Amino acid sequence: MIENGKISPNQFTLLVTLSMIGSPILLLPSMLAIEAKQDAWITAILGVGMGLLVICLYNMVGRRMKNTTFIQYHQAVLGKWMGSLVSLLYLAYFFLISALDLRDIGEFMITHTLGETPIEAILILFTAIVVMGARLGMEVLARTAQIFFPWVLLMFSILVIFVLPEVSLDRAKPILDEGMLPVFRGAYQFVGFPFFEMVVFLMIFPYVNKAKQAGKAFLKGGLIGGTFLIIVTSLSILVLGEDISARSIFPSYLLAKRISIGDFIERIEAVVAGIWMITIFLKLTVLFYATALGLGQLCRLKDYRPLLFPLALILIVLSLVIYPNVTYHLQFVMKYWTLFTSVFGVFLLLLLFIVEKVRKQQKRSKSVEA
């Protein structure tokens, strides 16, 4: 292994939790409100339940990898050439998500905070920080998650407590006015964004120092992260209503703007921005690190770090050309993303299961014949 670091199950849980929050805390409430309207909160609960089943699939794969990496597992099951091809597809997938998340950062910053700053400058500065995090390695990244999680929890608690006076249960009525079909459609999107993206943690799975607890840690992180997203989606519906939530690209940021307590505590949207910047930094760094680490393993390099700078340059350019604006991105995610990402989050993993099982049966039959 070109990465010798080890992380604890608790650190793994926090990495999964904060990565789960990442982009969805800003974009997901709008997506679910467009699809399920006032029932978006039901969609979020159903989506988390379905997403945890997906993580159970990832845990099954993680246990089968044993002492090998995700890249080596592909080659062991599919052979050198086909395994390398599948590995390259996964690395391209991780890199694509990195570019999308980086562009989301730039769009948010120039829209809400740094309107006069060129988006290129924001992308370069943020990428430089991501490269620093990836260069320091997995152990440092895990400790960073430990440091940041209490702050994220504190800022999220402040948001929830201060926005509670604006809550109106009437905005969630009528419940299931259009039946369960819109709810299932929204849950389908929720599973694709972000649960299918969590397949990237199979790159880190072998480095958890207590392998037997890695699966539980993964599942726990998905549950905690999913709970954050359920609360944000519910508050968006109960405070803003389904119409404003659906028409706003970043409804959770707008949610913080509605806070007003005694004409003294107002406009604390920086809290939401802080939560998002911390969580998306960790998610983006995990994706970028996994891409560089996997490419290094695939090319049999002694160290993945020389790959970071050229990958960073490509990432910045790709993020600028990957979509014209954030509205286009939102529509693409709603219509096509779950179908696209299911190829990597489900179908290729099931293919690995089938091929591995067939090969084991062939070996058993040969041994019986012998």
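These numbers were taken from a predicted model, which means no experiment stands behind them.
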Checklist entry - Backbone N or O of V163 within a donor-acceptor pair of the E166 side chain at under 3.5 Å? => result no

Next on the checklist: Checking the side chain of S248 only, and the main-chain atoms of I244 only, is there a donor and an acceptor separated by less than 3.5 Å?
Outcome noted: no

Item to check | Ring-ring centroid check F332 Y323, cutoff 6.0 Å | outcome: no

Checklist outcome for this item: CG of L15 to CZ of R143, rounded to nearest 0.5 Å, is 11.5 Å

Checklist entry - Are any side-chain N or O atoms of T13 and backbone N or O atoms of A217, one a donor and one an acceptor, separated by less than 3.5 Å? => result yes

Checklist entry - When rounded to the nearest 0.5 angstrom, what distance separates CG in L352 from OH in Y73? => result 5.5 Å

Checklist entry - Looking just at side-chain N and O atoms, do W337 and Q331 make a donor-acceptor pair shorter than 3.5 Å? => result no

Next on the checklist: Between S342 (side chain only) and L339 (backbone N and O only), is there a donor and an acceptor less than 3.5 Å apart?
Outcome noted: yes

Checklist entry - What distance do R171 atom CZ and S245 atom OG have between them, rounded to the nearest 0.5 Å? => result 9.5 Å

Next on the checklist: Within this structure, what is the OG1-CG distance for the pair T279 and L284, rounded to the nearest 0.5 Å?
Outcome noted: 11.0 Å

Checklist entry - In terms of hydrophobic clustering (I, L, V, M, F, W, Y; side-chain heavy atoms under 4.5 Å; direct or indirect links), are V160 and L26 co-clustered? => result yes

Checklist entry - So which of I231, I237, I230 actually passes side chain to side chain contact (heavy atoms under 4.5 Å, CB included) with S234? => result I230

Next on the checklist: Apply side-chain contact (heavy atoms from CB on, under 4.5 Å) to residues V286 and F201 and explain how you reach the verdict.
Outcome noted: CA-CA 8 Å; V286 167; F201 282 96; 4.1 Å; yes

Next on the checklist: Quick one, L102 with F288, criterion side-chain contact (heavy atoms from CB on, under 4.5 Å). Give me CA distance, side-chain angles, the key distance, then yes/no.
Outcome noted: CA-CA 11 Å; L102 183 62; F288 186 74; over 6 Å; no

Next on the checklist: Can you tell whether the side chains of K6 and E139 come within less than 4.0 Å, N to carboxylate O?
Outcome noted: no

Checklist entry - Should the ring pair W276 and F250 be called parallel, tilted or perpendicular, given that the plane angle runs from 0 to 90° and is split at 30 and 60? => result tilted

Item to check | Short side-chain to backbone donor-acceptor contact, Q72 and T69, under 3.5 Å | outcome: yes

Next on the checklist: Working note: D177 + Q38, criterion side-chain contact (heavy atoms from CB on, under 4.5 Å); need CA distance, chi angles, decisive distance, verdict.
Outcome noted: CA-CA 9 Å; D177 184 42; Q38 71 275 7; 3.6 Å; yes

Checklist entry - Do L18 and F281 pass the side-chain contact (heavy atoms from CB on, under 4.5 Å) test, and can you show the C-alpha distance, the side-chain angles, and the key distance before you say yes or no? => result CA-CA 9 Å; L18 295 177; F281 159 72; over 6 Å; no

Checklist entry - Between M138 and I7, is any pair of side-chain heavy atoms under 4.5 Å apart? => result yes

Next on the checklist: Do S84 and Q75 pair up side chain to side chain, a donor and an acceptor below 3.5 Å, judged on atom types alone?
Outcome noted: yes

Checklist entry - Hey, what do you get for CG (L293) to CZ (F94), rounding to the nearest 0.5 Å? => result 10.5 Å

Indicate every side-chain donor-acceptor pair of residues 47-63 with a distance under 3.5 Å to a residue at least two apart or in another chain.
{"unit_1": "Y58", "atom_1": "OH", "unit_2": "F196", "atom_2": "O", "d": "3.3"}
{"unit_1": "Y58", "atom_1": "OH", "unit_2": "G345", "atom_2": "O", "d": "3.1"}
{"unit_1": "N59", "atom_1": "ND2", "unit_2": "G215", "atom_2": "O", "d": "3.0"}

Checklist entry - Should the pair F344 and Y90 be assigned to parallel (<30°), tilted (30 to 60°) or perpendicular (>60°) ring geometry? => result perpendicular

Checklist entry - Would a hydrophobic clustering, with Ile, Leu, Val, Met, Phe, Trp and Tyr connected at side-chain separations under 4.5 Å, put L169 with L255? => result yes

Next on the checklist: Check whether S319 reaches the backbone of I316 with its side chain - one donor and one acceptor, N or O, closer than 3.5 Å.
Outcome noted: yes

Checklist entry - So which residues get pulled into F309's cluster when ILVMFWY side chains under 4.5 Å apart are joined, directly or through others? => result L313

Item to check | M82 CE: over 12 foreign heavy atoms closer than 6.0 Å | outcome: no

Next on the checklist: So does A312 get a backbone contact from the side chain of T127, meaning a donor-acceptor N/O pair under 3.5 Å?
Outcome noted: no

Checklist entry - Are I161 and V152 co-members of a hydrophobic cluster defined by side-chain heavy atoms under 4.5 Å apart? => result yes

Checklist entry - Taking C-beta and beyond as the side chain, do F205 and M65 meet within less than 4.5 Å on heavy atoms? => result yes

Next on the checklist: Within a 6.0 Å radius of atom CZ on F353, are there more than 12 heavy atoms belonging to other residues, nucleotides or ligands?
Outcome noted: yes

Item to check | Pair E35, Q189: side-chain N/O donor-acceptor within cut-off below 3.5 Å | outcome: yes

Next on the checklist: Could you see if L348 belongs to whatever hydrophobic cluster contains L85? Use Ile, Leu, Val, Met, Phe, Trp, Tyr and a side-chain cutoff under 4.5 Å.
Outcome noted: yes

Checklist entry - When you measure from the side chain of D39 to the backbone N and O of L176, does any donor-acceptor pair fall under 3.5 Å? => result yes

Item to check | From CZ (R185) to OH (Y188), nearest 0.5 Å | outcome: 12.0 Å

Next on the checklist: Between F347 and L351, is there a side-chain heavy-atom distance shorter than 4.5 Å?
Outcome noted: no

Next on the checklist: I'd like to know if L153 and L223 are part of one continuous hydrophobic network [Ile/Leu/Val/Met/Phe/Trp/Tyr, side-chain heavy atoms within less than 4.5 Å].
Outcome noted: yes

Checklist entry - Does the ring center of Y207 lie less than 6.0 Å from the ring center of F12? => result no

